[in-house]
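Read through the structure below, which is laid out as structure tokens, and then see the notes.
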Amino acid sequence: MTTNSISVKLKSFQPPVALIFDMDGVLIDSEPLHKRAKELAFGEVGIVLPESVYDSYKGRPDATMLPEVLGERGLSTDQIADLLHRKHKIFEKIEHEMRLVPGASEFVLWAKSRYRIALATSATARNRAAALKLLGVGNPFEAVVDSGRSHRPKPDPDVFQVAMRDMNLGPADCWIIEDSINGLRAAKAAGCVAVGITTTFDVSTLASAGADIVVHSFVELQELLESQ
């Protein structure tokens, strides 16, 4: 998909006042590490999940996934809590492998000079802080929402609604940048323009999830916004 083909689609959207960023899979290429940590933790108790299960939970917090998936497999509340703790510990050991999504830091700084910007993530406060450190641009966000402030996981729009309340903005003012099916559904439920970036899923999957716009990179998104 080219920038020109997306621009035609954009004619029905007003330029944003604010951009709201998801974090994992949008700014930080962390989804594969989270998946590996879960696979290793689950493997300790002999559980192997199909790829489709991991895909269906992308964009949702571990505290939602593990009780739903492991509860169905007969694990007790205590066992699930132990596995959640193990997953977090495994992730902390491998998070040094985490990398930025190409162009993320540059785009955030560019966006900061033109729009109000916010971060809205299902990550824990600890993981959010670690990711922002990796991003290397200080804290440019006017509003920051993580799992400590939003308790209804995507596809519920709560995390984005909290960010909009922080900025005193409405849905018509905001474009939300997401990489996951659940995140895009949450963005649409919040009433915002939903921008899908193909870091995790392909164009057709993002479009089917409700993306109004799909881009392959931050360079493409910047060109698109500059054309408005």
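Model, not experiment: these values are computed from the prediction.
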> Does T199 reach the side chain of D29, with side-chain heavy atoms less than 4.5 Å apart?
Replying inline: no
For a quick test of your reading: what N or O donor-acceptor pairs under 3.5 Å do the side chains of residues 37-50 make, sequence neighbours left out?
residue : atom : partner : partner atom : Å
K38     : NZ   : D62     : OD1          : 3.1
E39     : OE2  : K35     : NZ           : 2.7
E44     : OE1  : R86     : NE           : 3.1
E44     : OE2  : R86     : NE           : 3.3
E44     : OE2  : R86     : NH2          : 2.6

>> If you compare all heavy atoms of N139 against all heavy atoms of L132, which two are closest, and at what distance to 0.1 Å?
In response: OD1-CD1, 4.4 Å
> By side-chain hydrogen bond (donor to acceptor under 3.5 Å, both in side chains), which residues pair with S204, not counting sequence neighbours?
Replying inline: D202
> Checking side-chain contact (heavy atoms from CB on, under 4.5 Å) for the pair H88/R126: CA distance, chi angles, key distance, verdict?
Replying inline: CA-CA 10 Å; H88 288 165; R126 185 255 173 218; over 6 Å; no
> What is the minimum heavy-atom distance between A18 and M167, and which atoms define it?
Replying inline: CB-CE, 4.1 Å
>> Are the side chains of W110 and E106 in contact, using a 4.5 Å heavy-atom criterion?
In response: no
> Linking I/L/V/M/F/W/Y whenever their side-chain heavy atoms sit closer than 4.5 Å, directly or via other members, would I213 and Y115 fall into one cluster?
Replying inline: yes
>> I'd like to check V26 versus V101 (side-chain heavy atoms, cut-off strictly below 4.5 Å). Are they in contact?
In response: no
>> Do H34 and N127 have side chains that approach each other closer than 4.5 Å (heavy atoms only, starting at C-beta)?
In response: yes
>> Going by side chain to side chain donor-acceptor pair (under 3.5 Å), K154 matches just one of T121, T64, D22, N182. Which one?
In response: D22
>> Can you give me the closest heavy-atom contact between L119 and F141, atom names plus distance?
In response: N-CD2, 3.7 Å
>> With side-chain contact (heavy atoms from CB on, under 4.5 Å) as the criterion, how do V195 and F21 come out once you've worked through the C-alpha distance, each side chain's angles and the decisive distance to 0.1 Å?
In response: CA-CA 10 Å; V195 180; F21 295 80; over 6 Å; no
> Considering only heavy atoms from C-beta outward, does the side chain of V203 approach that of H216 to under 4.5 Å?
Replying inline: yes
> Cation over ring, K58 on Y54, under 6.0 Å and within 45°?
Replying inline: no
> According to the interplanar angle, ranging from 0 to 90°, do the rings of W175 and F13 count as parallel (below 30°), tilted (30 to 60°) or perpendicular (above 60°)?
Replying inline: perpendicular
>> Using only atom types and a distance under 3.5 Å, with no angle test, would you say the side chain of K112 pairs donor to acceptor with the backbone of P140?
In response: yes
